[in-house]
Amino acid sequence: MLTLPFDFRTRSGPAQRRRSVTLLLVVAMIAGLVLAVTGSPARAAGTLLSQGKPVTASSVENAGTPASAAVDGNTGTRWSSSASDPQWIQVDLGSTVTIGQVVLVWEAAYAKAYQIQTSADGATWTTIHATTTGAGGTETLNVTGSGRYVRVNGTQRATQYGYSLWEFQVYGSGGGTGGGCSSNNAALNHAATASTAENAGTPASAAFDGNAGTRWSSSATDPQWVQVDLGSVQSVCGVQLSWEAAYAKAYQIQISNDGATWTTVYSTTTGPGATELITLSGTGRYVRMYGTQRATQYGYSLWEFQVFTGTPADNGPVLLSYAKPATASTFQDDGNCSGCTPAKAFDANAATRWATNATTGWSDPAWIAVDLGATATISKVVLQWDPAFGKAYQIQTSADGANWTTVYSTTTGAGFKETLNVSGTGRYVRMYGTARGTAYGYSLWGFDVYGTGGNPTAPPATPPNPGNPEKLVWSDEFNASAGTGPDQSKWTSDAGAGVNNELEYYTTGNKNTYQDGTGNMVIEARKEVTPGSACPRDPLSGSTVCQYTSGRINTSDHLNFTYGHVESRIKVTGTQGLWPAFWLLGSDFKTGTPWPNCGEIDIMEHVGKVADSVYSTLHAPAYFGAAGYGSPYTLPGTDFASAFHTYALDWDSSHMTFSVDGNAFFTVNRSTLEQTRGPWVYDHPFYIILNNAVGGDWPGSPDATTVFPQKMLVDYVRVYQ
């Protein structure tokens with residue numbers, strides 16, 4: 001509501017059919033759930049323990065073949081050693097585990113003679129497999145042993161080159177198993193195929209593009225399927241299906257290593273449609289939805305099909321960089337980016353950032369570094385870029401802050417959120433940028449370093465997700481007698497002139513905001529002059545004295561909350577120049593955090609000049625105003641001002657879903673937002689605002705057709721957690 005949201009994506013069904021979607025939001029963050037196994041794992045020798053874990057090697061051929069490439073789950077990257085004997089590569093599993101199987105995927109430069117060895121301390125080794133007749137290719141070795149460290153110790157090369165592994169996989173049980181589930185969408189923008197597509201405008205790829213306004217739809221027959229190639233074998237722990245109204249009643253989620261032989265890891269014959277968040281367990285490169293019974297006469301249709309993959313266990317890598325001392329080549333501190341110091345990249349505040357100096361820092365190279373406080377083993381770096389991102393950069397480590405070792409390098413940085421699996425040790429870690437992705441400098445909302453060791457400071461605790469089921473925790477039913485003002489134990493009046501070039505003067509008490517005695521709060525906009533006030537010039541009168549009055553109330557002094565289900569039943573106003581709204585604003589706005597850094601969640605906005613639509617939008621530092629992230633809900637040929645409608649938000653740590661009259665029309669997924677628009681800034685308290693604005697940048701001013709007074713009616717407001 002603070003600024004106009006114009007960036008909307010309109011949706012339509014096949015052949016312009018309008019359908020309703022029944023809201024079903026599973027209000028639980030995938031990360032941290034205990035996964036229910038509904039199918040057999042792809043391998044019988046235990047859980048994949050090694051992927052993404054810290055790894056070291058005796059040598060590397062060059063910077064493009066680091067040790068970490070052998071445990072990254074990507075069969076297109078590899079570790080290779082110097083061309084001499086012996087050479088080794090070892091992985092730290094984080095704690096002592098039982099080893100049941102090791103899989104070696106060799107490049108052409110393989111080992112003829114080698115041992116598989118385990119160790120409790122990384123110093124004393126026990127051989128659990130040895131051969132002098134290694135065959136190369138893919139070797140699956142059933143072994144028996146235990147240890148925290150596992151290594152391949154090569155003693156005789158099969159070629160004149162070094163040793164080279166596409167993948168080094170360790171399977172077993174205990175210790176580092178049983179971790180959570182990543183909130184990142186592993187399927188985003190990956191290659192997709194389907195059994196059929198309804199037409200050229202609904203291809204399979206549209207279900208994996210991160211755009212909730214595009215969709216895949218199939219022919220109207222059974223069975224049908226859509227599948228995605230994750231690019232490498234991964235541990236899959238959850239999926240989210242965002243159905244269009246044409247959903248599946250019966251379907252399976254299936255996983256495959258080769259795209260030909262499939263294992264069912266989830267099955268249902270009672271699919272509810274809307275948004276389905278499903279926990280499961282399986283390992284594979286390909287994931288598909290295989291529909292066997294449609295719920296309608298149409299085909300199958302998905303706005304989005306997200307896939308979530310496993311993360312290290314609780315006793316694995318931790319955040320090492322929070323609140324640690326930081327330095328940079330330059331930083332910005334001016335009207336465009338005030339106090340954008342290096343520390344802002346490490347403060348766990350998604351609304352603050354580091355940026356290079358606009359005068360001296362918009363050049364190459366540039367860098368930002370953090371002191372972890374002690375030597376650490378680094379396994380992962382997460383960069384959340386501002387639009388001023390690095391196209392070419394290195395992640396480097398150092399023992400002394402002077403001599404640096406590159407542990408990751410790219411010349412094709414894509415910006416937004418980049419999660420980098422790396423392998424290195426050091427007290428200091430830095431991003432060293434060599435080519436900017438834009439004409440501006442470098443800027444990071446977040447630079448998170450994960451690993452073991454160091455001297456970590458625990459970051460602030462994350463808020464708990466809503467209960468399941470949720471319970472009513474706050475409400476106002478507006479049942480007082482006629483003429484009674486807002487309940488002062490629940491609402492505060494915002495008095496004075498509005499923002500966004502609005503033309504009203506908001507009053508206090510019950511002058512413009514009062515209960516009607518029949519169960520409604522009235523927020524009334526009138527054509528009424530407020531002497532001594534100052535507003536933008538009114539086109540009708542030519543005056544800069546406020547020519548209109550209205551009401552705006554909020555819960556900031558009474559109710560501030562994080563996550564839950566929020567809804568209100570409202571009859572909006574509907575004449576030219578009116579702008580009724582039901583929205584949330586970050587509570588830290590009241591303590592000095594500027595907009596849009598505080599975050600804004602617009603549950604409902606309506607402008608009188610567009611009678612048949614309402615809008616839901618998010619605003620944050622990286623997407624606000626005309627670039628706000630949102631969507632309209634349209635009922636063609638209707639007028640929202642003619643009847644009551646229920647507007648609702650379901651909000652947790654990884655999702656928001658907006659609905660009208662129970663019809664879910666816009667779902668925001670945290671992972672998609674971070675990878676396509678910018679930081680998620682909604683993990684802190686917000687408060688509720690109701691207002692009925694007159695004029696402003698979006699609706700425009702009242703004109704000769706505008707009718708006053710205009711009454712916005714609010715039946716109730718309720719919050720569940």
Side-chain angles (χ1 to χ4, degrees), residues 1-3 5 25 27 29 348-352 445 460-467 470-476 486 489-494 499-500 552-568 570 580-605 614-625 628-631 647-659 666-670 673-674 677-691 693 714 716-721:
M1 182 65 193
L2 282 179
T3 60
L25 178 66
V27 286
M29 182 181 182
N349 184 342
T352 62
W445 297 103
T462 56
N465 274 311
E470 296 175 326
K471 297 179 181 179
L472 182 68
V473 297
W474 185 95
S475 69
D476 197 337
S489 70
K490 296 181 177 181
W491 301 95
T492 297
S493 296
D494 281 328
V499 294
N500 305 312
R552 170 170 153 159
I553 55 176
N554 72 76
T555 67
S556 65
D557 298 325
H558 316 283
L559 172 70
N560 295 272
F561 65 100
T562 308
Y563 310 149
H565 175 88
V566 192
E567 72 173 53
S568 183
I570 301 172
F582 166 42
W583 51 298
L584 309 181
L585 190 65
S587 300
D588 53 353
F589 179 75
K590 289 285 189 175
T591 56
T593 300
W595 185 91
N597 298 52
C598 60
E600 178 181 332
I601 306 170
D602 295 327
I603 302 174
M604 181 281 295
E605 293 182 282
V614 290
Y615 305 84
S616 296
T617 315
L618 299 182
H619 299 276
Y623 44 93
F624 61 90
Y629 185 51
S631 179
Y647 304 97
L649 163 71
D650 285 275
W651 167 33
D652 65 19
S653 58
S654 58
H655 303 81
M656 291 188 201
T657 292
F658 297 87
S659 63
F666 180 45
T667 294
V668 178
N669 297 291
R670 180 179 190 147
L673 184 75
E674 291 174 333
R677 301 301 289 266
W680 167 282
V681 299
Y682 311 103
D683 292 333
H684 63 94
F686 281 68
Y687 60 88
I688 300 170
I689 302 175
L690 291 163
N691 68 302
V714 185
Y716 62 80
V717 180
R718 298 170 185 163
V719 178
Y720 300 79
Q721 288 186 310

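Numbering starts at 1 and runs along the sequence shown.
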Mind listing the closest non-hydrogen atom pair of [X] and [Y] along with its distance?
| X | Y | result |
| --- | --- | --- |
| Arg718 | Ser475 | CG-CB, 3.8 Å |
| Pro466 | Asp652 | CD-CB, 3.9 Å |
| Asp588 | Cys598 | OD1-CB, 3.2 Å |
| Pro596 | Pro621 | O-CD, 3.5 Å |
| Gly564 | Gln721 | CA-CG, 4.2 Å |

Evaluate the side-chain proximity of [Y] to [X]: yes if any heavy-atom separation is below 4.5 Å, no if none is.
| X | Y | value |
| --- | --- | --- |
| Leu472 | Tyr720 | yes |
| Phe658 | Val614 | no |
| Tyr563 | Asp683 | yes |
| Val717 | Thr555 | no |
| Val681 | Asn597 | no |
| Asp557 | Tyr687 | no |
| Lys490 | Leu559 | no |
| Trp583 | Phe686 | no |

I'd like to know if the side chain of [X] reaches the main chain of [Y], judged simply by a donor and an acceptor atom lying under 3.5 Å from each other, with no hydrogens or angles considered.
| X | Y | answer |
| --- | --- | --- |
| Arg552 | Ile689 | no |
| His558 | Ser489 | yes |
| Asn560 | Pro685 | no |

Does Thr352 have any side chain to side chain donor-acceptor pair (under 3.5 Å) partners at least two apart in sequence or in another chain, and if so, which? Asp347

Sequence-distant partners of Asn554, side chain to side chain donor-acceptor pair (under 3.5 Å), two or more places apart: Asp494, Ser556

Decide side-chain contact (heavy atoms from CB on, under 4.5 Å) for Glu674 and Trp445; before the verdict, give the C-alpha distance in whole Å, the side-chain angles of both, and the deciding distance to 0.1 Å. CA-CA 11 Å; Glu674 291 174 333; Trp445 297 103; over 6 Å; no

Parallel, tilted or perpendicular: ring planes of Trp491 versus Trp474, cut at 30 and 60 degrees: perpendicular

Aromatic ring pairing Tyr682/Tyr623, orientation class (parallel under 30°, perpendicular over 60°, tilted between): tilted

Can you measure from [atom1] ([X]) to [atom2] ([Y]) and round to the nearest 0.5 angstrom?
| X | Y | atom1 | atom2 | value |
| --- | --- | --- | --- | --- |
| Ile688 | Ser568 | CD1 | OG | 8.5 Å |
| Tyr716 | Ile570 | OH | CD1 | 9.5 Å |
| Phe582 | Asp602 | CZ | CG | 11.0 Å |
| His565 | Thr657 | NE2 | OG1 | 11.0 Å |

Scan Asp650, Asn669, Thr667 and name whichever one has a side-chain hydrogen bond (donor to acceptor under 3.5 Å, both in side chains) with His655. Asn669

Ring centre gap for Tyr615 and Phe666 strictly below 6.0 Å: no

Could you walk me through whether Ile601 and Val566 pass side-chain contact (heavy atoms from CB on, under 4.5 Å), step by step? CA-CA 11 Å; Ile601 306 170; Val566 192; over 6 Å; no

Pair Val473, Phe561 - check side-chain contact (heavy atoms from CB on, under 4.5 Å), show working. CA-CA 10 Å; Val473 297; Phe561 65 100; over 6 Å; no

Dump the intermediate steps for side chain to side chain donor-acceptor pair (under 3.5 Å) on His684 and Ser587, then the final yes or no. CA-CA 8 Å; His684 63 94; Ser587 300; 5.9 Å; no

So Ser493 and Ile553, side-chain contact (heavy atoms from CB on, under 4.5 Å) or not? Walk me through it. CA-CA 4 Å; Ser493 296; Ile553 55 176; 4.0 Å; yes

